[in-house]
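Data first, discussion second: the structure below is written as structure tokens.
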Amino acid sequence: MRFNSKLPDVGTTIFTVMSRRAMDEGALNIGQGFPDYPVDPRLAACLVEVVGEGRNQYAPMEGVMELREQISAKLQTSYGRRFDPHTEITVTCGGTEALYDAIQAVVGPGDEAIIFDPAYDAYEPAVRLAGGRCIRIALAPPAFRFDWDEVRGRLTDRTRLIIINSPQNPTCTVADGDDLNALAAVIRDRPITVLADEVYEHVLYDGRRHASVLAHPELRECSFAVFSFGKTLHATGWRVGYCVAPPEMTRELRKVHQFNTFSIVSPLQYAIARYLTAHSEAWTGLSAFFQAKRDLLAGLLRGSGFEPIPAAGTYFQLVDYSALGSEPDTDFADRLIREAKIATIPLSPFYAAPPAMTLLRLCIAKRDATLEAAAERLRAFAASRTG
Ligand SMILES: Cc1ncc(COP(=O)(O)O)c(C=O)c1O
């Protein structure tokens, strides 16, 4: 039988590719974004407790109410508004499922979704599976700023969705209040929904505050906002995230969610709810925690040939290797795995049409010792190239 692929050009994600290559080559992996340190032992203890108490059957489709209440309280603290756990909050399988469900709920055959390159790689396949197509607007390095006039110029009668990601992976930039105002003006009086990927909401540096669509009076009425406990609790493998949207939009999202994953692992939800009830401050120190790691790595690399680009948020750090070579970033990343035994993530796979660029993404959600070892390998490699 000939099987016709619906996504013939989609391969394995660059994260998986580089992590596999890291394993094969015995390389230190500071490419893929996952912590190499344990979760808070009090969170782990909550999980053991709830499993022992028998919280092991299907969770409600929308999410365990105790968890949705904790999420509502957390949103109130962060964004100054109460979101109804019954009608506006849905627990999903990581941020990834929330993104997928929201896209399926909005995009239909022939519709267009605007995304910004370098774009997180989960967006486009979901748009295409819904029968739509992505209009990809490239952000130019090294500042990666939005050009809202260009966005306005790319709108058509078929535009149904604009996906923004702030803090942005992989650029480590953040949208500010002016960006959100400009976005609101662009979509005003048009049938366009916003999908705001805010999984790094708590990781902004140097005193910046996250500009969430949920704190924007106009945007919160027409946005799906996506969050991830994987990022907030250093537990990417738990795959627990959530989506916040007005009731009418939440109803549509849940229609997709209930036939996609139906409901999310019960004990994980009860454990997170219990943990947040006892430690509502758990996420408040994240910016300081990651800023110290950013500064450690950037300080170790500065002057080495891997020049750190100032990072405003996310748990990544971009470095520019132009002092060491001009080969394409995918080739350079491959050379680093083979010769320096270190895995990074090149930026060009996140673009439809990559600009000339010599940037690699490093993950700083690692133990200090890992960051130090990574910097040592990068410095040694750089010295061998220049020396
Ligand atoms: C920008 C962005 N969005 C969404 C996700 C997915 O989040 P989750 O791991 O909770 O599915 C990630 C994970 O790396 C991400 O970087």
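Residue numbers run from 1 in the order of the sequence given. One-based numbering, in listed order, for ligands and for the atoms of each.
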Do [Y] and [X] meet the salt-bridge criterion of a basic N to acidic O distance under 4.0 Å?
X      : Y      : value
Glu49  : Arg55  : no
Asp206 : Arg294 : yes
Glu25  : Arg338 : no
Glu69  : Lys74  : no
Arg145 : Asp179 : yes
Arg136 : Asp117 : yes

Considering only heavy atoms of [X], which atoms of ligand 1 have at least one such atom less than 4.0 Å away?
X      : result
Gly94  : 10 (O), 11 (O)
Lys231 : 12 (C), 13 (C), 14 (O)
Asn169 : 1 (C), 15 (C), 16 (O)
Ser228 : 8 (P), 10 (O)
Asn165 : 1 (C)

query: Taking atom types as modelled, is there a side-chain donor on Gln168 or Thr173 under 3.5 Å from an acceptor on the other?
result: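 Per modelled atom types, Gln168 and Thr173 side chains form no pair under 3.5 Å.
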
Check if [X] has a non-hydrogen atom at a distance under 4.0 Å from any atom of ligand 1.
X      : result
Arg239 : yes
Gly230 : no
Gln168 : no
Thr236 : no

statement: Checking heavy-atom distances from atom 5 (C) of ligand 1 to each of Tyr120, Phe227, Phe229, the winner is Tyr120

Please set out all donor-acceptor pairs under 3.5 angstrom arising from side-chain atoms of residues 374-382, sequence neighbours excluded.
residue: Arg377; atom: NH1; partner: Lys341; partner atom: O; Å: 2.7
residue: Arg379; atom: NH1; partner: Leu300; partner atom: O; Å: 2.4

- request: List in chain and number order the residues that pass side-chain contact (heavy atoms from CB on, under 4.5 Å) with Gln76, two or more places apart in sequence or in another chain; answer none if no residue qualifies.
  value: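 Partners of Gln76 by the side-chain contact (heavy atoms from CB on, under 4.5 Å) criterion, ordered by chain and then number, come out as Arg82.
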
Which protein non-hydrogen atom lies closest to [atom], naming both residue and atom, and how far is it?
atom                   : value
atom 6 (C) of ligand 1 : Thr96 OG1, 3.4 Å
atom 7 (O) of ligand 1 : Gly95 N, 3.8 Å
atom 3 (N) of ligand 1 : Asp197 OD2, 2.6 Å

